[in-house]
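Along the sequence shown, the residues carry numbers beginning at 1. These figures come from a predicted structure and were not determined experimentally.
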Amino acid sequence: MSSEPPAQSERRTDERHLTLFRVGSILLDGRRELCLVKNISAGGALIRAYCRLQPDLELRIELKEQQPISGKVNWVKGTDAGITFDERVDVVELLKSNGDGPRPRMPRVEVRCVVFVREGATTNRATLINISQGGLSLDSENSLTIGGDVTVTLPGMAPQAAVVRWSEGSRYGISFNTVLPLAGLTGWLQSRSNA
């Protein structure tokens, strides 16, 4: 693995960078945005950003929950950006799945808005807490059935078939039956931030 961040050029003479195409999140200015990590090395990453970035902007990238990597934007070309990490990372360890622990969760973004959850013939109004491609967390005054099939409707998004996975008091975790397309989710998030 290379210790250098990916270069701006589309052509590389060596294959020391790991091509990845994995959804991650960018932490900047107190908010979380989704990104697509196109390739990664020990020294940096090439990402597709779904938010505006500029050279020298400091940020953190998260491929695994609770394991952010600090760095800064080296260059930007369209929606692609080269990120240089503050410290070298062990790429293999970063991407390794822990077989004896819980499956890593998809990157999530905090969003507050009204969401409707239909379980059987009952439709409940709830407050969205966060969302990922794989599901969401919400706060509901009305109880939902753990393991129950539900349909989730967010403003401006087609209804999604889902299953209630867990609850802690009035907070519920719901997983979608089908993973949301990244472009659709980021478009929805951008429309929410512009509203």
Side-chain angles (χ1 to χ4, degrees), residues 1-10 12 14-111 128-137 165-166 173-176 178-190 192-193:
M1 287 284 142
S2 171
S3 62
E4 297 299 313
Q8 184 171 356
S9 170
E10 291 295 322
R12 289 183 292 275
D14 61 30
E15 295 299 321
R16 295 178 294 170
H17 302 279
L18 178 65
T19 301
L20 194 57
F21 293 104
R22 183 167 164 180
V23 177
S25 58
I26 305 170
L27 307 161
L28 66 144
D29 297 331
R31 71 183 194 280
R32 183 181 304 267
E33 302 280 350
L34 294 178
C35 69
L36 180 67
V37 179
K38 296 171 97 175
N39 65 42
I40 191 166
S41 70
L46 169 61
I47 67 168
R48 172 172 291 146
Y50 295 96
C51 62
R52 190 175 292 268
L53 297 179
Q54 59 192 23
D56 298 321
L57 179 68
E58 293 184 6
L59 50 69
R60 292 181 297 159
I61 294 179
E62 200 173 71
L63 288 174
K64 282 186 176 177
E65 190 175 21
Q66 305 298 321
Q67 293 183 14
I69 305 165
S70 296
K72 75 175 186 175
V73 178
N74 191 29
W75 57 265
V76 177
K77 182 178 181 182
T79 58
D80 289 347
I83 309 299
T84 302
F85 299 145
D86 291 346
E87 297 178 10
R88 290 176 46 89
V89 298
D90 183 338
V91 175
V92 174
E93 187 63 32
L94 178 68
L95 299 176
K96 185 168 66 173
S97 173
N98 185 357
D100 54 346
R103 191 180 76 174
R105 298 188 313 180
M106 292 181 174
R108 61 203 69 251
V109 176
E110 293 78 21
V111 181
L128 180 65
I129 297 171
N130 64 47
I131 189 168
S132 73
Q133 286 181 276
L136 53 80
S137 178
R165 296 294 181 193
W166 56 265
I174 297 176
S175 64
F176 299 131
T178 305
V179 174
L180 297 178
L182 180 60
L185 178 57
T186 55
W188 183 81
L189 290 167
Q190 287 172 346
R192 299 295 308 161
S193 65

Any heavy-atom pair between the side chains of I131 and L189 that's under 4.5 Å? yes

Hey, does the side chain of E58 reach the backbone of K72 with a donor-acceptor pair shorter than 3.5 angstrom? no

Find the distance between CZ (R48) and OG1 (T186) and round it off to the nearest 0.5 Å. 10.0 Å

Separation between SG of C51 and CZ of R32, rounded to the nearest 0.5 Å: 12.5 Å

Can you tell if the side chain of I83 reaches within under 4.5 Å of the side chain of W75, non-hydrogen atoms only? no

Does a side-chain heavy-atom distance below 4.5 Å link N130 with L128? no

For the pair R108 and E110, find out whether any cationic side-chain nitrogen is under 4.0 Å from an anionic carboxylate oxygen. no

Ignoring hydrogens, what is the shortest heavy-atom contact between V73 and Q54? Give both atom names and the distance. CB-O, 3.3 Å

Could you tell me whether the side chain of R60 reaches within less than 4.5 Å of the side chain of I69, counting heavy atoms only? no

Please give me the minimum heavy-atom distance between A42 and V91, naming the atom from each residue. N-CG2, 3.6 Å

Quick one: closest heavy-atom pair of W166 and S137, and the distance? CH2-OG, 4.0 Å

Less than 4.5 Å apart, side chain to side chain, heavy atoms only: is that true for N74 and P55? no

Donor-acceptor pair, side chain of Q133 and main chain of P181, under 3.5 angstrom: no

Please name the pair of heavy atoms, one in G71 and one in D86, separated by the smallest distance, quoted to 0.1 Å. CA-OD1, 3.5 Å

Minimum heavy-atom distance L182-C35, with the two atoms named: CD2-O, 4.5 Å

Between L63 and I40, is a side-chain contact (heavy atoms from CB on, under 4.5 Å) present by the stated rule, with each step listed? CA-CA 11 Å; L63 288 174; I40 191 166; 3.8 Å; yes

Starting at OH of Y50, measure out to OG of S25 and round the result to the nearest 0.5 Å. 13.5 Å

Could you check whether S175 and R165, counting side-chain N and O atoms only, form a donor-acceptor pair closer than 3.5 Å? yes

Could you give the distance from OG (S132) to CG (L34), rounded to the nearest 0.5 Å? 8.5 Å

Between L136 and F176, is there a side-chain heavy-atom distance shorter than 4.5 Å? yes

Check whether any side-chain heavy atom of L53 sits under 4.5 Å from a side-chain heavy atom of L59, and report yes or no. yes

Taking the side chain as every heavy atom from C-beta outward, state whether I26 and I47 have any atom pair closer than 4.5 Å. yes

